[in-house]
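Heads up: numbering here begins at 1 and tracks the sequence. When a ligand or atom number is given, it counts from 1 through the structure's own listing order.
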Amino acid sequence: MIYLDNNATTMPSARCRDAMIRAVDELWHNPSSMYRAGQAAKRAVELGRASIARLINAQPKELVFCGCGTCSIHTAMNGAVVTHRDVENPNIITTHVEHPAVRYLAKQVGERMGVETRWLPTTPGGRIDAGALEKLIDERTILVSVQWANNETGVIHPVAELGRICRDKGVTFHVDGVQWVGKMPTNVGTGNTQELGPANIDDCGQWIDMLSFSAHKFHGPKGIGVLWIRPGTKFAPSSPGTQELGRRGGTENVPGILGMAAASEEAFDFLNDPKKMQDLSAHRDRFEARVLELVPNAIVNKPANPAHRVWNTTNIAFPRLEAEVLLLMLSERGLCASAGSACSSGSLEPSPVLLAMGIPEELAHGSVRFSLCRDTDPGCLEEAAQMVAACVKQLSGSIPV
Ligand code: PLP
């Protein structure tokens, strides 16, 4: 099988699996219990927290463990609503290119809690238009929530520019880093990580107030995510309890946390060698070029500036084809990829993310996402390109002209 769907999920690493098995076998006691076995579990959780904090250069106590990326996003957004109950007619600002975790919640928060949702536009390449934020934000804005990198296209958004505006206006800035953290260097700047390599020196992280990320996108387990909260950020828990310094209740998922910690240590090592990312990016580019060579009418859905795309993702439109049909055919031949389209109430809808990017509906219907991981064997990419071309040819032949 050739697996090119790493933005959906990644295979847990061997170290992650070993850490989880150890947690299930030896550290299954409740970390809140005062006896030795409970305290051993608690110690393991805190060591794990430190490893995860190091991945984003934060202090361990700033991390709140959550059920997954979606849960982390809900904790941040619902927390903002609870925190700002005193604001009359509040609004939150987000975008149409967000993952459903944000888009759906933004709508729900609006409908159920009386919070207005304002939508930031995107520029033709799919990047959020930072210039438009100044006009949308006002004294009733309680939160700006945007993604760092897009799950369907890998487009990187202008987080530093957006964050600067929020800081200037005193508005909390939440970033969905689910497709970023573990794949790209992240530095929120509150930690004391000394080992950060040159690629880690950027100033995006310092403008973020809350950051969501999820272990299963970087070879960790499913069902565990983190909300990082910058000290001084106003935050009220929407699921109160005694754990996580009162910021989120519930007995800790010890195997999940230890699995995420192992994956974070490996991701940290990977990110400290920028050459690896550059090589993988070159493999992605070669795959893309090969597909375009073999299918000359295919179009890559990407931003104008190559620096504005995460190294692992490509999204390719095959005119006149339906992505779902192509994906089924590829799956039969052993290639896993995906499309942003969702099957809703029996009809296949084109990806709202691609439409928001300005991609015509016909092309959005035929767009497929291929996503690599740091362990992708470059050797399989030529085979994958050939397979895509063969399937496109077969399907195109069956469409009446
Ligand atoms: N945000 C983005 C950008 C994502 O790609 C995903 C998952 O694909 C999520 C949020 C949700 O993360 P999780 O699957 O951990 O709930």
### Task
Compute the centroid of each ring, for W311 and then for F287, and state whether the two points are separated by less than 6.0 Å.
no
### Message
Has Y3 got a side-chain atom pairing as donor or acceptor with D5's backbone, closer than 3.5 angstrom?
### Response
yes
### Query
Among side-chain atoms of T95 and W119, is any donor-acceptor pair under 3.5 angstrom?
no
### Task
Quick one: look up the protein heavy atom nearest atom 15 (O) of ligand 1 and list residue, atom name and how far away it is.
S214 OG, 2.6 Å
### Task
Show which atoms of ligand 1 fall inside a sub-4.0 Å distance from at least one heavy-atom site of D176.
1 (N), 2 (C), 3 (C), 10 (C)
#### Entry: Residue H216 vicinity, atoms of ligand 1 by number, heavy atom under 4.0 Å
13 (P), 14 (O), 15 (O)
### Task
Could you tell me whether Q386 atom CD has more than 12 heavy atoms of other residues or ligands within 6.0 Å of it?
yes
### Message
Taking the six-membered ring of F268 as reference, does the cationic atom of R54 (NZ for Lys, CZ for Arg) lie under 6.0 Å from its centre and within 45° of its axis?
### Response
yes
### Message
What I want to know is whether K217 and ligand 1 share at least one N or O pair that is separated by under 3.5 angstrom.
### Response
yes
### Query
Is there a donor-acceptor pair under 3.5 Å between the side chain of Q147 and the backbone N or O of V175?
no
### Query
What are the atoms of ligand 1, with element, lying closer than 4.0 Å to any heavy atom of N151?
3 (C), 5 (O)
### atom 4 (C) of ligand 1: nearest protein contact (heavy atom, Å)
H99 CD2, 3.2 Å
### Task
For ligand 1, find out whether one of its N or O atoms is nearer than 3.5 Å to an N or O atom of I73.
no
### Message
Restricting to non-hydrogen atoms, name the atom on Q179 and the atom on N7 that form the minimum distance, rounded to 0.1 Å.
### Response
NE2-O, 2.9 Å
### Query
For atom 5 (O) of ligand 1, what's the nearest protein heavy atom and its distance?
Q179 NE2, 2.7 Å
### Message
With heavy-atom distances below 4.0 Å as the criterion, list the atoms of ligand 1 near T70.
### Response
11 (C), 12 (O), 13 (P), 16 (O)
### Query
Which ligand 1 atoms does C68 reach within 4.0 Å, using its non-hydrogen atoms?
15 (O), 16 (O)
